[in-house]
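Following: one structure in structure tokens, then a few remarks.
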Amino acid sequence: IKQVLLKSPEVIKIESKEEEKELIDQIAYAVEDSRKGPLLRYLIKKDNLKQVLVFVSSAFKADGVANKLCRNGIHAVSTHGEKSMNSRSESLRRFKTGKIRFLVTTDLLARGIDIEFLPYVVNYELPRSPKDYVHRIGRTGRAESPGEAISLITPEEEHHFKIIQKKMKKIVTMINSENLDLKSY
């Protein structure tokens, strides 16, 4: 075996951005699909959440969730790839400045955008890929500011969520929402 001898070697370690996950408090709620909307509204109102980025799987769902929030007194806007670039840019600008408190989006905003002090990310629906999950929750917990990632998990999504946790090498606390009274939400 050929050995290489070095004089005064130095080890340089570059930490990856994935280590920032520790600033992100992750929590999940086990919920029936029909109760996802009321649970989201309950969480927003109960804890008076401000500046929440809500991820869904499609443009259609983004519009539906934002409309339902609005009908229940929570001013929300949707943004996705089917909207014009100007509309998307304006929605993001208004969200960053706090003029919009709730932005419902697809994975369009999971990468490449920087919202410096975003306190909450909600996975209304899980992404297909564990990497996309990491990118989504990585929108919060930045610039040394802690953030919270909330995932709403249906029975059909439980197996996939276990795979995501295994890939992240992190167990996420799961709360059963069955006993929460969501009737007025």
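Counting from 1, the numbers follow the sequence of the chain as shown.
Each of Ile24, Val122, Val172 was evaluated against Ile137; a single residue qualifies, Ile24, per the side-chain contact (heavy atoms from CB on, under 4.5 Å) test. Partner of Tyr133 under the side chain to side chain donor-acceptor pair (under 3.5 Å) criterion, chosen from Gln26, Gln165, Lys167, His160: Gln26.
The backbone N or O of Lys183 lies less than 3.5 Å from a partner atom in the side chain of Asp181, making a donor-acceptor pair. Without hydrogens or angle criteria, Ser177 side chain to Leu180 main chain gives no donor-acceptor distance under 3.5 Å. Side-chain N or O atoms of Tyr124 include one that pairs as donor or acceptor with a backbone N or O of Gly37 at under 3.5 Å. Counting only distance, with no hydrogens or angles, the side chain of Arg101 and the backbone of His75 share no donor-acceptor pair below 3.5 Å. Within the 3.5 Å criterion, the main-chain N or O of Lys131 finds a donor-acceptor partner in the side chain of Ser129. Between the side chain of Asp47 and the main chain of Leu49, no donor-acceptor pair closer than 3.5 Å is present.
In plain terms, the two heavy atoms of Thr106 and Ala59 that are nearest each other are CG2-N, 3.7 Å. Arg88 and Lys83 make their closest contact through NH1-O, 2.8 Å (heavy atoms, listed as atom of the first residue, atom of the second, distance). Residue Ser91 comes nearest to Ser78 through the heavy atom pair OG-O, 4.3 Å, listed as atom of the first residue, atom of the second, then distance. In plain terms, the two heavy atoms of Ala30 and Met174 that are nearest each other are N-SD, 3.5 Å.
By the side chain to side chain contact (heavy atoms under 4.5 Å, CB included) test, Ser58 pairs with Phe60, Lys61, sequence neighbours left out. Residues passing the ring-ring contact (aromatic ring centres under 6.0 Å, His included) test with Tyr185 are Tyr42, sequence neighbours excluded.
Here Arg136 contributes atom CZ and Leu126 contributes atom CG; the two are 7.0 Å apart, rounded to the nearest 0.5 Å. Interatomic distance, CG of Leu40 versus CZ of Phe102, reported as 8.5 Å (0.5 Å rounding). Rounding to the nearest 0.5 Å gives a distance of 6.5 Å between CG of Leu53 and OG1 of Thr105. To the nearest 0.5 angstrom, Lys96 atom NZ is 10.5 Å from Leu118 atom CG. Once rounded to the nearest 0.5 Å, the distance linking CD1 of Ile153 with CG of Asp33 reads 11.5 Å.
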Check your understanding: Checking side chain to side chain donor-acceptor pair (under 3.5 Å) for the pair Asp107/His135: CA distance, chi angles, key distance, verdict?
Key -> CA-CA 9 Å; Asp107 283 326; His135 285 291; over 6 Å; no
Practice item. Start with the C-alpha distance between Val77 and Glu90, add both sets of side-chain angles, then the distance that settles side chain to side chain contact (heavy atoms under 4.5 Å, CB included), and finish with yes or no. Key: CA-CA 11 Å; Val77 173; Glu90 180 62 13; over 6 Å; no
Point to revise | Trace of the side chain to side chain contact (heavy atoms under 4.5 Å, CB included) decision for Phe55 with Asp132 | key: CA-CA 11 Å; Phe55 284 102; Asp132 287 339; over 6 Å; no
Exercise for review: Please step through side chain to side chain contact (heavy atoms under 4.5 Å, CB included) for the pair Arg41 and Leu69, ending with a clear verdict.
Suggested key: CA-CA 7 Å; Arg41 295 186 298 273; Leu69 286 170; 3.6 Å; yes
Practice item. Please assess Glu148 against Thr140 for the test side chain to side chain contact (heavy atoms under 4.5 Å, CB included), listing each intermediate value before the final yes or no. Key: CA-CA 7 Å; Glu148 188 169 338; Thr140 188; over 6 Å; no
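In this structure, Lys50 places its NZ atom where more than 12 heavy-atom neighbours from other residues, nucleotides or ligands lie under 6.0 Å away.
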